Student: 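Please see the structure below; I have some questions.
Each ligand, and each atom within it, is numbered from 1 in the order the structure gives. Predicted, not measured: the structure shown is a model, and the values here were computed from it.
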Amino acid sequence: MWQASDVAPWMPGTSPGKTENGDDVGGVRYMTFIIAVDGPAASGKGTIASRLAVAFALPYLDTGLLYRAVGVQAGDASSREAAIAAAQALDPSSLEDPALRTREAGEAASKVAAIPEVRAALLNFQRAFAAQAGGAVLDGRDIGTVIAPQAPAKLFVTAAPEIRAERRWKQLVAQGETVALDDVLADIRRRDARDSGRADAPLLQAADAVLLDTSKLDICASVDAARRIVEEARARWERS
Ligand code: DC
């Protein structure tokens, strides 16, 4: 399991291998090719990000799992103190737990994610992951805006709420959950409102992110489109 301590800490205003002016350091080519994938719940961003990681041979972090783990460990998501303590003590090796994929975990995650101290406690881990040599793929809500605003490739993946609800419903049913499609749609709308409406690091398309609407695309077509966007970004980055 990857540890935050395995990589050099990220320094605000700089990138590993580059000075603040963007010059290469010590003749070493700046190699941190970060792919930032943001978007609302069930937009397909997780599938796209993990396939991009394979295609570009980069390590991948699903940052939603961090918030899910905090939400689940905090137990009562209405307890601010419990959520902050869970975030400060979070062990990233607990992210494999299938319980983090449930509907309840998603709801709890969205609630604790609105607490600024929770976000602050998870910030360095995510930035360190993004800054590892060679680069990384991260997906979430604030990767292109807060975690890695310097990322050379940014995608904002979205789809109509009804389409996202149907996809999430199929996923949950396949996991063995018994749930009505309408309830999943209501969850999605509530989470969209909470994630976009919070004051700290809201769900937002970065000004330099490419919008990818997957409403009418299947998984293959979505991944192909994302791959083309990243290949173009990579070519620009290599020329720069
Ligand atoms: O991507 P997901 O559905 O697993 O995310 C669960 C919740 O975690 C989401 O509703 C909001 C929060 N989250 C966040 O605030 N910032 C991130 N970078 C990732 C997730």
Student: So does Glu107 pair up with Arg103, basic N to acidic O under 4.0 Å?
Tutor: no

Student: Under the criterion salt bridge (charged side-chain N to carboxylate O under 4.0 Å, His left out), I'd like the reasoning laid out for Arg101 against Asp62: C-alpha separation, chi angles, the key distance, then a yes or no.
Tutor: CA-CA 12 Å; Arg101 308 272 175 192; Asp62 171 354; 3.7 Å; yes

Student: Enumerate the protein residues lying less than 4.0 Å from ligand 1, judged by heavy-atom distances, in chain and residue-number order.
Tutor: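 Under the 4.0 Å cut-off, ligand 1 touches Lys45, Thr63, Gly64, Tyr67, Arg68, Ala109, Ser110, Ala113, Arg119, Gly140, Arg141, Asp142, Arg191, Asp195, Arg198.
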
Student: Which pair of heavy atoms, one from Lys45 and one from Val37, lies closest together, and at what distance?
Tutor: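 So the minimum-distance heavy-atom pair works out to CB-CG1, 3.7 Å.
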
Student: What I want to check is whether the side chains of Arg194 and Ser110 have a donor and an acceptor closer together than 3.5 Å.
Tutor: yes

Student: Do you know the tightest heavy-atom contact between Leu65 and Leu95?
Tutor: O-CD2, 3.5 Å

Student: For the residue pair Arg167 / Thr214, report whether a side-chain donor-acceptor contact shorter than 3.5 Å exists.
Tutor: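 Yes.
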
